[in-house]
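Working notes, beginning with the structure itself.
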Amino acid sequence: MAQSAPPQPCGCTQDFDYVVNYLERNLPAYAHDVTALTRPAYERLKRRLRRASARAKKESHCLPVLVAYVEFFHDQHTDISGATRPGVNDRDATAVQRFQTGAVFQQAETRRPRLARTYPLAAIEGRYQTVDSTYVVQIQPSRTRFRDYVGVIVTSRTPLWRTGQVKLELQRLPGESRYRVIQYNRNHSASCLGDVFQEQGYLRGTSWQKVGQPTSPPVAGPLAYRALTAKTAYLRLPSFDGGLRTQLDSVCQQVAARPPQNLIIDVRGNGGGADDAVVPLVPFLYTAPFQDDQREEYYVTPDNVARLTEYYRRMQHDSADYGADALQRVRTTLRWLHHVPAGQFRSDPTVPVKTFTGIVGRPERVVILYDRGCASTCETLLFWAKHSTKTTLAGENSGGFVGYGNVFSLPTPCWGLQLSTTTLRLPNQVAYEAVGVAPDVRLARDEDWLAQALRLLENP
């Protein structure tokens with residue numbers, strides 16, 4: 001009698017092959033980054049990582065392998081993260097009990113935390129806590145092929161974590177005090193925090209710091225507008241998310257009604273949002289009419305068109321929130337894309353070019369204050385501000401999320417890791433990808449940036 005074939009194995013190698021094949025077919029950055037010059041290194045990297053994927057028997061081992069592959073491409077928006085899991089209400093005793101008796105909690109790796117002792121601030125080992133003190137972990141050596149250290153729970157204010165469970169996995173990277181960090185979130189899903197520097201007791205760019213260290217002050221606060229001096233006003237914009245559009249419009253009306261002589265726009269840590277949210281700021285910035293030169297080119301492939309089609313269907317189910325205009329724009333783009341041959345970069349002819357007019361006299365001088373946390377749409381503000389002779393960019397290089405965009409996510413077939421990938425490029429901005437927009441004035445790290453920005457305006 002005929003026997004059915006045994007099921008094919010499903011694990012990290014299969015997910016790795018899926019990610020490689022998908023990005024080679026669909027990633028706008030692929031042809032730019034894999035050239036005759038770089039292909040030998042790219043092929044060596046693939047072979048090495050595929051061998052590593054065969055040794056990865058769990059998600060936390062597979063995730064850094066796939067991250068290392070995705071990081072070959074100079075495309076900041078394309079990344080991979082752990083499988084999505086539903087949140088758990090830790091105030092609901094029934095939900096907590098169900099979670100604690102489930103496989104995710106029961107199978108979490110455990111280690112005995114080492115006794116507390118004093119380590120130099122520059123050492124990675126020691127007791128760390130989150131800024132909100134929800135967790136305290138002991139970072140201690142635990143060497144495998146995939147890591148050099150673990151962060152073991154010492155205390156947890158949520159019942160979703162228990163003493164001894166592994167909360168962090170750290171792999172030493174080339175360079176001083178540099179690590180790749182895998183973090184298990186509140187619901188035990190995995191996230192790769194990327195390359196993290198340990199600097200004097202702080203894991204920079206994360207919420208972890210050594211116990212006893214003073215809490216780092218936030219980069220800046222929520223959306224706000226206020227006078228700093230008789231001459232200079234301060235506008236803080238933490239995000240360009242569409243949910244803040246009403247507040248932003250209201251603030252811009254305040255600025256227009258009584259325009260200050262000078263204006264500081266603080267976008268430190270602003271991770272972006274929607275370009276439309278930047279438009280109300282433009283009249284305060286520029287000194288002559290200009291056209292937006294952010295030309296977008298879709299990389300037309302069947303998969304990329306399918307991702308946009310899926311997005312349009314989701315929009316239809318939530319049409320009230322998206323609005324008729326947004327639906328019409330995507331519908332028009334899809335109709336055009338279906339007539340473009342696959343494998344080409346094409347600009348959407350249905351999108352009109354933005355032209356900015358309507359110059360205002362005040363503010364007379366503007367400083368845009370930004371850091372590496374200014375990314376994506378926040379960087380659109382910087383590009384538009386470059387058309388102005390009265391606006392000064394101050395701070396440090398921005399995040400460099402500017403060369404590729406229009407991101408969609410899909411799960412890998414075995415472990416359900418979330419691959420987020422771009423579908424278009426902005427050819428005029430590819431050179432800034434991962435590098436960021438350099439400031440006109442680079443600010444000193446050892447002095448308050450707001451004070452330096454104020455000095456640029458009032459004591460030039």
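All figures in this text were calculated on a predicted structure; none of them were measured in a lab.
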Assess the pair His77 and Tyr404: is the distance between their ring centroids shorter than 6.0 Å? no
Do Arg147 and Gln171 have a side chain donor and acceptor closer than 3.5 Å? no
Where at least one partner belongs to residues 270-279, residue pairs that pass side-chain hydrogen bond (donor to acceptor under 3.5 Å, both in side chains), sequence neighbours excluded: Asp275-Thr377, Asp275-Thr380
Taking His74's backbone N and O only, do any of them form a donor-acceptor pair with Asp33's side chain (distance below 3.5 Å, no angle check)? yes
Cationic tip of Arg143 above Tyr149 ring, under 6.0 Å, 45° of axis: yes
A side-chain contact here means heavy atoms from C-beta on lying under 4.5 Å apart; do Leu417 and Val19 qualify? no
Taking atom types as modelled and ignoring hydrogens, do the side chains of Tyr128 and Gln213 form a donor-acceptor contact shorter than 3.5 angstrom? no
Give a yes/no verdict on a cation-pi contact between Arg117 and Tyr119, requiring under 6.0 Å between NZ or CZ and the six-membered ring centre and an angle within 45° of the axis. yes
Ring-face cation of Lys167 near Tyr135 (centre distance under 6.0 Å, axis angle within 45°): yes
Contact check, side chains of Val437 and Tyr370, non-hydrogen atoms, under 4.5 Å: yes
So, Glu24 and Tyr42: side-chain donor and acceptor under 3.5 Å apart, yes or no? yes
Taking only residues two or more places apart in sequence or in another chain, which ones pass ring pair (Phe, Tyr, Trp, His ring centres under 6.0 Å) with Phe16? Tyr69
When you measure from the centre of the six-membered ring of Tyr311, is the NZ or CZ of Arg314 under 6.0 Å away and within 45° of the axis? no
Polar side chain donor-acceptor pair, Gln328 to Arg331, under 3.5 angstrom: yes
Measuring only between side-chain heavy atoms, which start at C-beta, is Thr391 closer than 4.5 Å to Ile368? yes
Given the side-chain rings of Phe345 and Tyr298, with only the six-membered ring counted for Trp, is the space between their centroids under 6.0 Å? no
Side-chain heavy-atom pair Gln129, Val137 within 4.5 angstrom cut-off: no
Tell me whether Gln418 contacts the main-chain N or O of Ala83 through its side chain, where contact means a donor paired with an acceptor under 3.5 Å. no
Do Thr333 and Asp348 have side-chain atoms, one donor and one acceptor, less than 3.5 Å apart? yes
Would you say His339's side chain and Arg335's backbone share a donor-acceptor pair under 3.5 angstrom? yes
Return yes when the gap between the SG atoms of Cys12 and Cys414 is under 2.5 Å; return no otherwise. no
